[in-house]
Amino acid sequence: QQQVKQSPQSLIVQKGGISIINCAYENTAFDYFPWYQQFPGKGPALLIAIRPDVSEKKEGRFTISFNKSAKQFSLHIMDSQPGDSATYFCAASMYSGGGADGLTFGKGTHLIIQP
Amino acid sequence: ETGVTQSPTHLIKTRGQQVTLRCSSQSGHNTVSWYQQALGQGPQFIFQYYREEENGRGNFPPRFSGLQFPNYSSELNVNALELDDSALYLCASREESTDTQYFGPGTRLTVL
């Protein structure tokens, strides 16, 4: 599977600030780009996802920006709160016929929101 | 909650042993996937089952095998355990209408 590169590895943001996490992919066959949030001792939980036919998707305080030509996508968390402190993973997969294949994950970003 | 449960929560085995991990997913979710998450890393795709047949596999050796049952439960079996198999093993079931994968809380496997 092609790699998905995620940055930064760790991020500290003040409460109320904007958290930005970036990902880049290589495989142009990828057709589905989700972001997952993971708290210690828990499994990843889907936060927001995008397909390449749109350049931006917003859900509440969370926004995905997608640049197909650059093969990059990013997660923006507006008005960051201490409860957002977690590890965030970007991922990508191919939509093949009847469904998606396995997800290819980035290595994760450990986000800390300081009060 | 995602509706995906896994058992056991924690497990300790010794090198060379065999282990079976279990997952129960939601009714109607016909696809189940298993992932391995090493400490400090992102999950890595092991394989996927659709209607009880394996239909996708990541870069894992044949000693990693699985089963899916008609009652939306599944198993991950690992033979000849190695120290590097120590990880969090995640099960995910897919809601086909939205193509969304819902993860369980995982089983923490330690190989000594």
Side-chain angles (χ1 to χ4, degrees), chain A residues 1-10 21 23-25 27 29-53 57 59 64 75 86-111, chain B residues 1-7 9-10 21 23-25 28-51 53-60 64 66 76 87-108:
Chain A
Q1 287 180 323
Q2 297 290 328
Q3 188 178 9
V4 174
K5 296 182 180 179
Q6 183 172 345
S7 63
Q9 189 173 13
S10 61
I21 305 171
C23 281
Y25 64 96
N27 188 347
F30 284 147
D31 194 47
Y32 174 69
F33 302 89
W35 284 89
Y36 282 84
Q37 179 189 57
Q38 187 175 30
F39 293 105
K42 302 287 188 181
L46 179 68
L47 206 55
I48 187 172
I50 198 169
R51 293 198 184 274
D53 52 343
K57 182 175 181 180
E59 290 184 0
I64 297 180
L75 174 69
T87 300
Y88 291 81
F89 293 96
C90 62
S93 70
M94 293 178 282
Y95 181 82
S96 57
D101 291 326
L103 292 163
T104 299
F105 283 84
K107 292 189 174 183
T109 295
H110 184 50
L111 174 64
Chain B
E1 295 300 320
T2 65
V4 181
T5 59
Q6 293 187 242
S7 62
T9 305
H10 296 88
L21 310 181
C23 171
S24 178
S25 58
H29 289 199
N30 295 315
T31 302
V32 66
S33 302
W34 286 89
Y35 291 79
Q36 180 195 67
Q37 186 176 19
L39 201 61
Q41 300 294 317
Q44 288 206 325
F45 175 63
I46 303 175
F47 47 56
Q48 175 174 283
Y49 278 77
Y50 176 72
R51 295 186 186 273
E53 295 285 336
E54 183 181 308
N55 72 341
R57 192 174 185 95
N59 190 27
F60 280 81
F64 286 79
L76 165 65
L88 180 69
Y89 287 86
L90 297 161
C91 166
S93 72
R94 185 162 61 83
E95 181 180 64
E96 292 173 11
S97 61
T98 61
D99 216 15
T100 299
Q101 293 205 24
Y102 295 95
F103 283 84
T107 292
R108 172 72 61 187

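For the numbers below, each heavy atom of this structure counts, side chains included, while hydrogens, waters and symmetry mates do not. Proteins get letters first, then strands, A, B, ... in listed order; numbering begins at 1 in each.
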- Query: When rounded to the nearest 0.5 angstrom, what is the spacing between OH in A:Tyr36 and CZ in B:Phe103?
  - Reply: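 Interatomic distance, A:Tyr36 OH to B:Phe103 CZ, rounded to 0.5 Å: 5.0 Å.
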- Task: Give, for atom CD of B:Gln37 and atom CZ of A:Phe89, the distance between the pair rounded to the nearest 0.5 Å.
- Result: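 Between B:Gln37 CD and A:Phe89 CZ, I get 4.5 Å after rounding to 0.5 Å.
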- Item | Interface moiety of A:Pro44 toward chain B, non-hydrogen atoms closer than 4.5 Å |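 For A:Pro44, the contact with chain B is made by backbone and side chain together.
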- Tell me, side chain or backbone of A:Gln38 under 4.5 Å from chain B's heavy atoms, or both, or neither?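 For A:Gln38, side-chain heavy atoms alone lie under 4.5 Å from chain B.
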- For the side chain of B:Tyr35 and the backbone of A:Leu103, is there at least one donor-acceptor N/O pair under 3.5 Å apart? yes
- Measuring heavy-atom distances to chain A, does B:Leu88 have an atom under 4.5 Å in its side chain, in its backbone, in both, or in neither? side chain
- Message: Given heavy-atom pairs under 4.5 angstrom as the criterion, report whether the side chain, backbone, both or neither of B:Gln6 touches chain A.
- Response: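 It is neither, since no heavy atom gets under 4.5 Å.
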- Query: Excluding sequence neighbours, so at least two apart, what forms ring pair (Phe, Tyr, Trp, His ring centres under 6.0 Å) with B:Tyr102?
  - Reply: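 For B:Tyr102 there are no ring pair (Phe, Tyr, Trp, His ring centres under 6.0 Å) partners, ignoring immediate neighbours.
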